[in-house]
Engineer: 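Okay, handing you the structure first.
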2 protein chains.
Amino acid sequence: MCAHCNYQNLLEKAGVEPTANRLQVLAVIGGNDAPLTAAEVFATIGRFHPINRVTVYRILDLLVRHRVLERISSGGRAAHFGLAPNKYHAPHPHFCCSRCGAVICLNPDSLSIDADNLHKTFAGEVDRIEVLVEGICRNCLKQRSNH
Amino acid sequence: MCAHCNYQNLLEKAGVEPTANRLQVLAVIGGNDAPLTAAEVFATIGRFHPINRVTVYRILDLLVRHRVLERISSGGRAAHFGLAPNKYHAPHPHFCCSRCGAVICLNPDSLSIDADNLHKTFAGEVDRIEVLVEGICRNCLKQRSNH
DNA sequence: GATGATTATGCAATATAGTTGCATCAATGA
DNA sequence: TCATTGATGCAACTATATTGCATAATCATC
């Protein structure tokens, strides 16, 4: 767990019951340095506690709606989930390897975005700006040069 | 068709045979002001020419690999496809309405990104930076205020 | 042209990711 | 204790995408 995050508190502040399953989901996601898919969360929890696949989907949905988690579009088919930005976690872009599919978090200040123009001119409501960097990851580059 | 794009040329320059199906796919996508899903491309072409669903998927894949099209992560489940940026089409962010799922193209200069830091420090290869703005579109805002 | 190789397409089956409907269980308040 | 609400489980289902293999079209060579 990150020193600043008490998962129980996070859930309560967001207005959702801190059930055992929800705490599990949050702990698994918070304990990883990269966003995870629903299937990964399910498999990880399932190694120690029985839980239903659908329950995982429902909890992920709920926590995204309550802004505890954020849903990250990964380039691939499955959505990834990470802790939502908050006081202690700055929003940051994600990298997605188009060869192996790995999704990793980038440093919050690796990119800077100026969205003034958007906010001034866009007629809808802007909730979130997601940045996805696509390319070939370090490992895949290495492998590619090995033949 | 956009004045600057001859689809036949686009395909030839990209090194792919300009078959009738490929031209169809490209024309449908190029003729729309917002990126389309595979299903939408399939349905649109299918109104006039018989084509197989799988063929559409394969053509989309091929054209993305050859950088004629770009795959846009839409927040929702289905990928969207638009013309890839080129001399005449600046890369631009996309907006995705979290209520109705609509995906629309934003003005290229509604956002400006500084990626120097990323390029200087990231150990992998960066091919593309995708920006997805999430929120509520104008129409949905209007509907929401109507009750 | 005819012939063989390569590429493109079609079709059926399958895989993957996510969703729905309904039953049950647990917690909460009257 | 009972009724109500919310959380979870389970099975079936939907949407999206992919695979394997057969056929058709195209291209290069004779």
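Since the structure is predicted, the reported quantities are computational estimates derived from the model, not experimental observations.
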Engineer: Distance check needed: C/dT9 C1' versus B/Leu23 CG, whole Å only.
Structural biologist: 15 Å
Engineer: Going by modelled atom types, is there a donor-acceptor pair between the base of C/dG18 and the side chain of A/Arg53 at under 3.5 Å?
Structural biologist: yes
Engineer: I'd like to know if B/Glu17 pairs up with B/Arg22 as an ion pair, taking the criterion as any Lys NZ or Arg NE/NH1/NH2 lying under 4.0 Å from an Asp or Glu carboxylate oxygen.
Structural biologist: no
Engineer: Taking NE2 from A/His49 and P from D/dA7, how many angstroms apart are they, rounded to a whole number?
Structural biologist: 20 Å
Engineer: CG of A/Asn21 versus P of C/dA26: gap in Å, rounded?
Structural biologist: 13 Å
Engineer: Can you check whether B/Asn52 has a side-chain N or O nearer than 4.0 Å to OP1 or OP2 of C/dT9?
Structural biologist: no
Engineer: Without decimals, in angstroms, what is the distance between A/Arg22 CZ and C/dA26 P?
Structural biologist: 16 Å
Engineer: Need to verify one output field. Residue with the more 5' nearest nucleotide on DNA chain D, B/Arg77 or B/Arg58?
Structural biologist: B/Arg77
Engineer: Between D/dA7 atom C1' and A/Leu11 atom CG, what is the distance in whole Å?
Structural biologist: 14 Å
Engineer: Verify, without hydrogens or angle tests, whether A/His66 (side chain) and A/Leu62 (backbone) share a donor-acceptor contact under 3.5 angstrom.
Structural biologist: yes
Engineer: Using a cut-off of 4.0 Å on non-hydrogen atoms, how would the nucleic acid contact of A/Ala79 be classed: base, sugar-phosphate, or nothing?
Structural biologist: sugar-phosphate
Engineer: Over how many whole Å does the gap from B/Leu60 atom CG to C/dA8 atom C1' extend?
Structural biologist: 15 Å
Engineer: Can you tell which of C/dG18, D/dC27, C/dA12 lies closest to the side chain of B/Val54?
Structural biologist: C/dA12
Engineer: Specify the residue among B/Ala78 and A/Leu62 whose closest nucleotide of DNA chain D lies further upstream toward the 5′ end.
Structural biologist: A/Leu62
Engineer: Roughly how far apart are B/Ile72 CD1 and B/Cys96 SG, rounded to 0.5 Å?
Structural biologist: 11.0 Å
Engineer: Does a nitrogen or oxygen in the side chain of B/Thr19 sit under 4.0 Å from OP1 or OP2 of C/dT9?
Structural biologist: yes
Engineer: To the nearest Å, give me how far apart CD (B/Gln24) and P (C/dA8) are.
Structural biologist: 17 Å
Engineer: Do B/Leu63 and B/Val16 come within less than 4.5 Å of each other through their side chains, counting heavy atoms only?
Structural biologist: yes
Engineer: Out of B/Asn32, B/Val56, B/Val28, which residue meets the side-chain contact (heavy atoms from CB on, under 4.5 Å) rule with B/Thr44?
Structural biologist: B/Val28
Engineer: Whole angstrom is fine here: how far is it from CG in B/Asp61 over to C1' in C/dT7?
Structural biologist: 16 Å
Engineer: Does D/dT18 have its OP1 or OP2 closer than 4.0 Å to a side-chain nitrogen or oxygen of B/Tyr57?
Structural biologist: no
